[in-house]
Amino acid sequence: SGKTTLFNCISGFNKAAGSILFQSEELLRLQPNERAKKGIGRVFQNFGIFREFSLIDNIVVALENRANGRRGLLPWSKITRQYKKEAFSILESLNLQNHADKKAESLSGGQMRLLEIARTLAYESKLFLLDEPTAGVSPKMKNEVASQILKLKEFKKTVLIIEHDLSFIEKFCNRVVVLDQGKVVMDDTPSAVRNDPRLQEIYFGN
């Protein structure tokens with residue numbers, strides 16, 4: 001239906017016609033890295049973390065990028081210690097602090113999702129684009145991912161989510177848009193969408 005294509009257009013990986021405005025600024029002339037600096041964060045369907053890095057180093061990389069590549073040359077330098085302190089605080093906010101020194105590859109699918117969200121937080125993104133955040137995630141970790149997305153709302157972040165599980169997204173979404181064959185067919189509250197007979201027609205072809 002074009003859901004991921006829409007995210008690609010917003011984040012700059014696909015070319016788009018027309019206009020895409022973010023905080024009243026036109027995005028089409030900006031490259032993906034420039035859009036990221038404007039506050040657009042992307043969590044991909046396929047994990048984009050550095051698996052051989054520790055969790056804390058994954059976050060430090062995001063902090064360094066946020067600071068235009070400024071980094072400490074030595075592990076004990078002041079800036080390195082500042083980055084690690086901030087990185088640990090971010091991991092703590094998402095209940096990942098106990099894994100801070102472990103390699104990212106040791107995490108479960110759900111924990112990897114949380115790490116990706118943590119990296120996007122570290123970059124100080126304002127808009128979070130989450131592409132199927134529950135893909136490859138256990139039912140237990142789904143609840144953890146949902147609770148952390150709720151925290152993003154507490155942090156005053158705007159979150160757009162591509163997701164097929166309505167019972168999952170209605171825990172935190174204010175608005176649901178249903179696409180079918182590239183067209184918007186429903187745009188309402190989660191409860192209104194759930195009770196719309198067209199939803200069953202789209203999913204089951206009845």
Side-chain angles (χ1 to χ4, degrees), residues 1-11 13 39-49 51 55 58-59 62 90-99 104-123 125-206:
S1 293
K3 302 180 294 297
T4 299
T5 299
L6 172 63
F7 274 18
N8 285 340
C9 289
I10 294 172
S11 51
F13 295 104
I40 295 178
R42 179 81 180 268
V43 174
F44 292 87
Q45 185 174 356
N46 297 319
F47 300 115
I49 58 178
R51 293 173 180 264
L55 272 67
N58 265 276
I59 306 302
I90 292 170
L91 290 173
E92 198 170 32
S93 72
L94 294 174
N95 296 327
L96 290 173
Q97 69 276 11
N98 293 334
H99 306 278
E105 65 184 4
S106 69
L107 300 178
S108 68
Q111 290 168 329
M112 286 186 184
R113 286 282 177 239
L114 296 182
L115 177 57
E116 287 193 291
I117 292 173
R119 288 201 318 171
T120 311
L121 268 176
Y123 208 73
S125 298
K126 303 178 183 69
L127 171 64
F128 283 63
L129 304 175
L130 309 183
D131 194 345
E132 297 197 29
T134 61
V137 173
S138 69
K140 180 180 178 181
M141 280 304 299
K142 264 190 175 185
N143 293 329
E144 181 65 17
V145 172
S147 68
Q148 300 308 330
I149 293 174
L150 278 170
K151 282 188 180 180
L152 293 179
K153 293 181 69 174
E154 294 174 11
F155 295 152
K156 307 298 182 184
K157 307 295 184 181
T158 299
V159 184
L160 295 181
I161 301 173
I162 295 173
E163 180 60 60
H164 297 275
D165 186 349
L166 187 58
S167 63
F168 173 75
I169 60 175
E170 65 184 357
K171 296 175 183 177
F172 45 79
C173 284
N174 307 106
R175 176 184 176 191
V176 174
V177 178
V178 179
L179 298 178
D180 185 33
Q181 303 297 318
K183 296 181 180 180
V184 175
V185 293
M186 281 177 267
D187 183 353
D188 214 323
T189 63
S191 60
V193 169
R194 176 179 285 281
N195 295 319
D196 193 315
R198 290 177 296 172
L199 187 66
Q200 183 171 346
E201 294 175 6
I202 290 170
Y203 270 95
F204 304 108
N206 294 334

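Excluded from the calculations below are hydrogen atoms, water molecules and symmetry mates; all remaining heavy atoms, backbone and side chain alike, are included. Here the structure is a predicted model, which means the values were calculated and not measured.
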So [Y] and [X], do their side chains get closer than 4.5 Å, heavy atoms only?
| X | Y | answer |
| --- | --- | --- |
| Val176 | Glu170 | no |
| Ile149 | Ile161 | yes |
| Lys157 | Leu121 | yes |
| Arg51 | Met112 | yes |
| Ile117 | Leu152 | yes |
| Pro133 | Glu163 | yes |
| Arg175 | Asp188 | no |
| Ile202 | Met186 | yes |

From [X] [atom1] over to [Y] [atom2], what is the distance, rounded to the nearest 0.5 angstrom?
| X | Y | atom1 | atom2 | result |
| --- | --- | --- | --- | --- |
| Leu127 | Thr120 | CG | OG1 | 10.5 Å |
| Arg119 | Asn58 | CZ | CG | 5.0 Å |
| Met141 | Thr134 | CE | OG1 | 11.5 Å |

Tell me whether Ser108 contacts the main-chain N or O of Gln111 through its side chain, where contact means a donor paired with an acceptor under 3.5 Å.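 Yes, Ser108 side chain to Gln111 backbone: donor-acceptor pair under 3.5 Å.
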Using only atom types and a distance under 3.5 Å, with no angle test, would you say the side chain of Thr189 pairs donor to acceptor with the backbone of Ala192?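 Checked: pair present.
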Can Glu116 and Arg113 be said to form a salt bridge (Lys or Arg N to Asp or Glu O under 4.0 Å), step by step? CA-CA 5 Å; Glu116 287 193 291; Arg113 286 282 177 239; 3.1 Å; yes
Using a strict 4.0 Å threshold on nitrogen-to-oxygen distance, state whether Lys142 and Asp165 make a salt bridge.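 Counted as a salt bridge, because a side-chain N and a carboxylate O are separated by less than 4.0 Å.
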Salt-bridged, Lys151 to Glu154, with N to O below 4.0 Å?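 Salt bridge between Lys151 and Glu154, a charged N being under 4.0 Å from a carboxylate O: no.
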Working note: Lys171 + Leu150, criterion side chain to side chain contact (heavy atoms under 4.5 Å, CB included); need CA distance, chi angles, decisive distance, verdict. CA-CA 8 Å; Lys171 296 175 183 177; Leu150 278 170; 5.6 Å; no
Step by step, work out the side chain to side chain contact (heavy atoms under 4.5 Å, CB included) result for Val178 and Asp196. CA-CA 11 Å; Val178 179; Asp196 193 315; over 6 Å; no
Closest contact, heavy atoms only, [X] versus [Y]:
| X | Y | answer |
| --- | --- | --- |
| Ala118 | Ile90 | O-CG2, 3.6 Å |
| Leu115 | Leu96 | N-CD1, 3.7 Å |
| Phe13 | Arg42 | CD1-NH1, 3.8 Å |
| Ala122 | Ile59 | CB-CG2, 3.7 Å |
| Leu160 | Phe7 | O-CZ, 3.5 Å |
| Leu129 | Ile40 | CD1-CG2, 3.9 Å |

Between Leu107 and Leu114, is the side chain to side chain contact (heavy atoms under 4.5 Å, CB included) condition met? List the steps. CA-CA 10 Å; Leu107 300 178; Leu114 296 182; over 6 Å; no
Which of these, Leu179, Val177, Val193, sits in a side chain to side chain contact (heavy atoms under 4.5 Å, CB included) with Asp187?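 Filter result, single survivor: Val177.
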